[in-house]
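All chains are named by letter (A, B, ...) in the order of the sequence lines, taking the proteins before the strands, and each is independently numbered beginning at 1.
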Number of protein chains: 2
Amino acid sequence: MSPRADAVRNRAKVLSAADEVFVEHGTDASTDQIAKRAGVGIGTVFRHFPTKELLLEAVFAERLRRVGEQARTMATRQAPDEAFRELFGTLVADSGAKQALAEALTEAGVDVRESASPVEDELRAALGELLARAQQAGGIRDDIGIDEVIALLVGASQAIGKTLDVSMRARTLNVFLDGMRPH
Amino acid sequence: MSPRADAVRNRAKVLSAADEVFVEHGTDASTDQIAKRAGVGIGTVFRHFPTKELLLEAVFAERLRRVGEQARTMATRQAPDEAFRELFGTLVADSGAKQALAEALTEAGVDVRESASPVEDELRAALGELLARAQQAGGIRDDIGIDEVIALLVGASQAIGKTLDVSMRARTLNVFLDGMRPH
DNA sequence: CTATTATCGGAGCCGTGACTCCGCTTCAAA
DNA sequence: TTTGAAGCGGAGTCACGGCTCCGATAATAG
């Protein structure tokens with residue numbers, strides 16, 4: 001017996017509402033707000049995600065999934081070096097202002113421990129492949145690995161997140177991109 | 001009529017206790033904890049810092065003051081380029097694990113608005129001078145300014161903050177230092 | 001169409017944490 | 001030393017947020 005249709009719909013509504021609210025008000029936003037935004041009762045939120053932490057995890061997982069997907073897509077469409085740099089820039093630009101992805105990525109970076117979730121594994125795999133190819137093509141220095149790249153993504157998002165001036169963003173981003181070049 | 005001696009002493013105890021507790025448990029730590037750590041009653045904490053936010057600001061200001069001081073000291077003792085790079089590395093290393101300075105610096109960076117506090121002005125001045133000299137000596141690229149440097153400090157602290165492996169830290173830091181080189 | 005049962009909504013419980021209040025203590029001016 | 005008042009401590013107040021509970025609702029099997 002498959003789950004009821006409305007349950008599936010509500011779960012999705014809650015998930016995307018949570019993402020939005022967390023972006024706008026930080027992860028301290030109340031569950032009430034999320035329920036309101038999703039147009040459901042609090043009870044519903046807690047049935048699908050029994051704990052606020054589980055809800056957070058779900059939101060993060062979804063964000064990471066999208067990044068992994070984006071990495072895969074870009075890899076197929078551009079030269080390795082290009083792809084890597086553009087992905088880096090895009091991620092930072094997108095999540096910079098929002099500062100939302102940074103938190104999710106931090107989790108992924110920290111989870112070098114035992115049990116990384118499947119989504120994290122997939123993300124690391126996709127990013128790792130992109131990185132390896134860029135390195136083979138000579139576009140990225142050899143002494144950094146995925147862990148360093150994730151750390152740098154977090155750092156760049158944080159560095160650029162609060163700045164409004166576009167040209168300043170570009171200059172700061174360039175420091176990262178140049179720093180990752182060989183030699 | 002100067003303030004009572006015990007009042008001055010307690011204020012200092014609270015301030016340093018708050019710094020410690022915020023480092024250990026994040027800025028969400030309860031005021032109770034801080035009072036306990038300082039060995040005073042809650043009432044005392046609130047007399048000296050009527051609001052939690054004011055206490056936070058005071059802690060941040062103190063941190064920034066120390067960084068400014070450090071910048072001044074290093075400037076007098078080393079070649080411009082050396083001084084700048086070493087300061088950058090030191091700040092990141094110190095506050096990296098703690099992730100504490102990053103928050104304070106974020107404030108300083110964000111406060112490009114109207115009223116920056118005197119401490120922030122002083123910090124920006126000290127850092128700015130160091131940067132300008134390093135640039136004149138040809139050690140740092142010319143297209144970045146103090147704002148970029150502060151953003152990069154925040155980013156680097158964040159990037160390195162959670163990593164335990166020392167050599168990984170070094171590799172990540174190198175990306176920042178190389179990225180700031182001319183050309 | 002109806003019975004069954006998963007799902008929904010949201011009032012309310014409970015713990016936590018910022019902040020207040022006031023009787024007691026301690027400093028320092030005279 | 002005395003004494004006025006500045007400072008102290010911490011029990012208590014209030015608001016807020018996570019989470020529970022259960023009567024109402026509505027989706028599906030038959």
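Under 4.0 angstrom from either OP1 or OP2 of C:dT7 there lies no side-chain N or O belonging to A:Asn10. Taking side-chain N and O atoms only, B:His48 has no distance below 4.0 Å to OP1 or OP2 of D:dG7. Side-chain nitrogen and oxygen atoms of A:Arg47 include at least one within less than 4.0 Å of the OP1 or OP2 phosphate oxygen of C:dC8. Between A:Thr31 and the phosphate of D:dG17, there is no side-chain N or O to OP1/OP2 separation shorter than 4.0 Å.
Between A:Gln33 atom CD and D:dC19 atom C1' the separation is 17 Å, expressed in whole Å. One atom, CD of B:Glu53, and another, C1' of C:dA18, lie 13 Å apart when rounded to the nearest Å. Atom CZ in B:Phe22 sits about 13 Å away from atom P in C:dG17, given to the nearest Å. Between the CD1 atom of B:Ile34 and the P atom of C:dT16 there is a distance of 18 Å, given to the nearest Å. The CZ-P distance, from A:Arg9 to D:dA26, rounds to 12 Å in whole Å. Put simply, CZ on B:Phe46 is 13 Å from P on C:dC21, counting in whole angstrom units. Spacing between atom NE2 of B:His25 and atom P of C:dT16 amounts to 16 Å, rounded to whole angstrom units. As a whole-Å value, the separation of B:Asp28 CG from D:dC16 C1' is 14 Å.
Of all nucleotides listed (C:dG10, C:dT7, D:dG10), C:dT7 comes nearest to the side chain of A:Ala7. Among the nucleotides D:dC19, C:dA18, C:dG9, the one closest to any side-chain atom of A:Lys52 is D:dC19.
Side chains of B:Asp32 and B:Ser30: a donor-acceptor N/O pair is absent below 3.5 angstrom, by distance only. Looking at B:Ser167 and B:Asp165, their side chains do bring a donor and an acceptor atom within 3.5 Å of each other.
Rounding to the nearest 0.5 angstrom, the gap separating the CG atom in B:Leu15 from the CG atom in B:Asp19 is 7.5 Å. One finds the CG atom of A:Leu130 at 9.5 Å from the CZ atom of A:Arg72 (value rounded to the nearest 0.5 Å).
Heavy-atom distances to DNA chain D give each of A:Asp32 and B:Thr44 a nearest nucleotide, and the one nearer the 5′ end belongs to B:Thr44. Mapping B:Asp6 and B:Thr51 onto DNA chain C by nearest heavy atom places B:Thr51 at the nucleotide closer to the 5' end. Of the two residues contacting DNA chain C, namely B:Arg4 and B:Ser30, the nearest-nucleotide position lying further toward the 5' end is that of B:Ser30.
No engagement by B:Ala35 is indicated, since no non-hydrogen atom pair under 4.0 Å with the nucleic acid exists.
Using the six-membered ring where Trp is involved, A:Phe176 and B:Phe176 have ring planes that are perpendicular, over 60° apart on the 30 and 60° scheme.
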